[in-house]
Structure formats: structure tokens, C-alpha cells
Amino acid sequence: MDLPYKSKYSNFDRVILTLAFTLYPVGLLMIIFRVLATHVHHSRKGRNHRLIGWLWVYTYILIMGLFILAFDLNNPEDVQLFWDSAWLYGVILLIPSIAFFILGSRADSKFSLLLHQYYHLVINRRIKEIDHIAVEMKQSPSHVIRGLDFMITEHMLPFGRIKNGILELEPEEYHEAYDDDYDEEYVDEYGDEEYEDDEYEYDDEEYEDEYDESEDRGRGPRSMECPSCGARIIVYPNDEKECDYCGNVISA
């Protein structure tokens with residue numbers, strides 16, 4: 001199954017880029033901090049490469065602006081020196097920026113392939129042990145946990161949680177009762193047949209007696225937006241979770 005992935009800028013990223021263009025030193029420090037804090041996540045590497053690429057572009061624009069102020073453009077010698085400098089700094093700064101944009105696209109492609117492989121192992125082969133998945137994928141368990149948590153948050157996998165090294169996914173009936181915001185596109189893609197398993201079968205009478213939709217809705221996990229960086233995080237009621245991307249603690 002194809003799960004294309006394209007990293008996107010959050011509102012916080014756009015603020016950083018704006019600061020890099022208007023208040024360069026502040027934006028530079030924020031981009032460096034942003035990259036160092038989040039580059040461990042495969043899902044953020046493409047975005048981080050693009051942030052660095054834009055930083056090189058802004059650096060070139062800033063230097064050219066300073067040259068315009070420093071040179072007398074009415075003087076032919078200064079004009080020639082300006083264009084010589086523009087070409088030189090273009091090679092020094094713009095070529096690396098293009099390289100980082102290419103690296104960003106490649107990072108997204110690699111992560112998209114990882115998502116495809118995670119989906120195959122979890123849904124098709126029904127492998128739920130984190131260590132087993134890590135061996136199959138040749139990834140560290142921490143990277144596997146981050147990847148699966150990302151897929152759950154982005155509705156690429158059913159709702160669930162990782163507990164004691166095991167991925168516990170909720171049955172499909174869970175989504176129909178609990179998730180008002182579930183993306184219909186993924187429901188159509190995954191289909192009912194992929195979750196037909198004995199462990200997900202219910203006794204109808206017993207389920208009807210125990211199930212109280214209004215009561216259970218309040219106890220289900222919620223997909224919340226991090227107020228700091230805008231990332232979507234799954235948080236369970238009466239629980240707190242640290243945002244994987246900025247470290248902000250979110251509580252339901």
C-alpha cells in the first residue's frame with residue numbers, strides 16, 4: 001500500500017522563517033535549535049533540511065542587500081565588483097541551499113518507504129512486537145516507536161498505544177464509536193477486510209449491554225494540536241504526553 005509523505009511546515013516553522021528573513025540572528029538561532037531538537041525524528045528530517053536550505057537563501061539575500069548599500073552602483077567599477085560578488089556568493093550559498101532542498105525531498109521519500117513497510121508488518125503480517133519490527137526494519141526500537149506513533153497520530157494506522165513493547169491497536173468498531181474526526185480517506189483505503197480477526201470480534205448482545213456511546217466518547221483518546229508547534233498528538237483522558245517535536249507537555 002502506498003502511503004506518500006510530504007513534510008509540512010507548522011505555524012511555528014513559518015514564524016521561524018519569518019524571523020530568519022526579518023531578524024536574521026534570531027531566526028538563525030531558532031532554526032539551529034529547531035533542527036537539533038527534532039532531527040532525531042525521521043518525519044522531521046525533510047522539513048529540517050528545507051529550513052536549512054531557506055536559511056542559506058536568506059543569507060545570500062542579506063549579503064546582497066549589504067553590498068547594494070556598500071557599493072556605488074553609479075560607478076562602473078563598483079557595479080562590476082557587485083556582480084562578481086553576486087556570482088561568487090551565489091556559488092557559495094545558493095548551491096548548498098539547492099542541495100539541502102534535494103536532501104529534504106530524499107528524506108521524505110525514505111520516510112514514506114518506512115511508513116509503507118511499517119504498515120505491511122503491522123497490518124498485513126500482524127507483527128506487533130516493537131523489537132521484532134525493529135529487527136525486520138533494521139531500525140532502533142526508539143525509531144520504530146516514533147514512526148508508529150506518527151502513523152497513529154496521522155491516522156495512517158488505527159488508534160492505539162505502545163505498551164510494554166507491544167503495539168496495541170483498537171478494533172475498527174472503536175473508531176465508529178469514538179472518533180468524530182477520523183479521516184474517511186483512510187477508512188476507504190484500509191477497508192474492513194484488513195481488520196477481520198478473531199481478536200476483534202464482539203458478542204453483539206454483550207457489547208450492546210456494556211456499550212454506552214455518550215459515556216465512552218469521553219474516555220476515548222483525543223487528537224489534539226500542540227499549542228506550541230501545531231503538531232497533531234494523540235492524548236488519552238487524564239493523561240499527559242510530551243510533544244515529540246517541541247517538547248511541550250499536553251494534557252487531555
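Atoms considered below: every heavy atom in the structure, side chains included; atoms not considered: hydrogens, waters and symmetry mates.
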**OP:** Kindly indicate, with the supporting measurements, whether the criterion side chain to side chain contact (heavy atoms under 4.5 Å, CB included) is fulfilled by Lys110 and His42.
**Re:** CA-CA 9 Å; Lys110 290 176 65 177; His42 288 310; over 6 Å; no

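- For the residue pair Trp56 and Ser97, the shortest heavy atom distance occurs at CB-CB, 3.6 Å.
- Atoms CD and CG, from Glu154 and Leu115 in turn, are 9.5 Å apart once rounded to the nearest 0.5 Å.
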Subject >> Chi angles and distances behind the side chain to side chain contact (heavy atoms under 4.5 Å, CB included) call for His39, Arg44 >> reply: CA-CA 6 Å; His39 206 65; Arg44 309 313 264 168; over 6 Å; no

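- For the atom pair CG of Leu19 and OG1 of Thr22, the computed distance is 5.0 Å after rounding to the nearest 0.5 Å.
- Between Leu148 atom CG and Leu167 atom CG the span is 5.5 Å, to the nearest 0.5 Å.
- Interatomic distance, CD of Glu129 versus CD1 of Ile162, reported as 12.0 Å (0.5 Å rounding).
- For Ser85 against Phe67, the heavy-atom pair with the smallest separation is CB-CE1, 3.5 Å.
- Using a 4.5 Å cut-off on side-chain heavy atoms (C-beta onward), Thr38 and Arg47 make contact.
- In the hydrophobic clustering of this structure, Leu88 groups with Phe71; members are Ile, Leu, Val, Met, Phe, Trp, Tyr whose side-chain heavy atoms approach within less than 4.5 Å, directly or through other members.
- Side-chain contact between Leu114 and Gln139 is present, with at least one heavy-atom pair separated by less than 4.5 Å.
- Val15 and Leu36 end up in the same hydrophobic cluster when Ile, Leu, Val, Met, Phe, Trp and Tyr side chains are linked at under 4.5 Å.
- Looking at Ser112 and His116, their side chains never come closer than 4.5 Å, going by heavy atoms from C-beta outward.
- Using a 4.5 Å cut-off between side-chain heavy atoms of Ile, Leu, Val, Met, Phe, Trp and Tyr, with links allowed through other members, Leu29 and Leu62 fall into different hydrophobic clusters.
- For Trp54 and Phe100, the ring centers sit 6.0 Å or farther from each other.
- Two residues are said to be in side-chain contact when any heavy atoms from C-beta on lie closer than 4.5 Å; Asn48 and Ile52 fail this criterion.
- Counted by atom type alone, Asp13 and Ser10 present one or more donor-acceptor pairs between their side chains at under 3.5 Å.
- No side-chain donor-acceptor contact under 3.5 Å links Asp78 to the backbone of Leu73.
- The shortest non-hydrogen separation linking Pro158 to Ile152 is O-CG1, 3.8 Å.
- Here the shortest heavy-atom pairing between Ala134 and Ser140 reads CB-C, 4.2 Å.
- Glu168 has its side chain out of reach of Lys128: every pair of non-hydrogen atoms, C-beta onward, lies at least 4.5 Å apart.
- Considering only heavy atoms from C-beta on, Leu169 comes within 4.5 Å of Val122 through its side chain.
- Distance check: Leu28 CG to Thr59 OG1 gives 7.0 Å after rounding to the nearest 0.5 Å.
- Hydrophobic clustering keeps Val40 apart from Leu103 (ILVMFWY residues linked when any side-chain heavy atoms are closer than 4.5 Å, directly or through intermediates).
- Follow the hydrophobic side-chain contacts under 4.5 Å out from Leu55 and you never reach Ile98; the two are in separate clusters.
- The structure places CG of Leu94 at 13.0 Å from OH of Tyr89, a figure rounded to the nearest 0.5 Å.
- Closest heavy-atom contact between Ile31 and Ala20: CD1-CB, 4.1 Å.
- Heavy-atom minimum distance, Ile166 versus Ile130: N-CG1, 4.3 Å.
- A donor-acceptor distance shorter than 3.5 angstrom exists from the side chain of Thr18 to the backbone of Arg14, with no hydrogens or angles considered.
- You'll find the side chain of Tyr118 stays beyond 4.5 Å of the side chain of Glu136, heavy atoms only.
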Original post:
After noting the C-alpha distance and the side-chain angles of Arg34 and Phe12, does the key distance pass the side chain to side chain contact (heavy atoms under 4.5 Å, CB included) rule?
Top reply: CA-CA 10 Å; Arg34 182 72 158 161; Phe12 185 56; 3.6 Å; yes

**OP:** Check step by step if side chain to side chain contact (heavy atoms under 4.5 Å, CB included) holds for Asp72 and Val79.
**Re:** CA-CA 7 Å; Asp72 182 4; Val79 171; over 6 Å; no

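- Counting heavy atoms of neighbouring residues, nucleotides and ligands inside a 6.0 Å radius, atom CG of Asp84 exceeds 12 of them.
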**OP:** Evaluate the ring-ring contact (aromatic ring centres under 6.0 Å, His included) criterion for residues Tyr58 and Phe21: first the C-alpha distance (whole Å), next the side-chain angles of each, then the deciding distance (0.1 Å), finally the verdict.
**Re:** CA-CA 6 Å; Tyr58 292 164; Phe21 188 74; 5.3 Å; yes

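- Between Ser7 and Arg50, some side-chain heavy-atom pair lies under the 4.5 Å cut-off.
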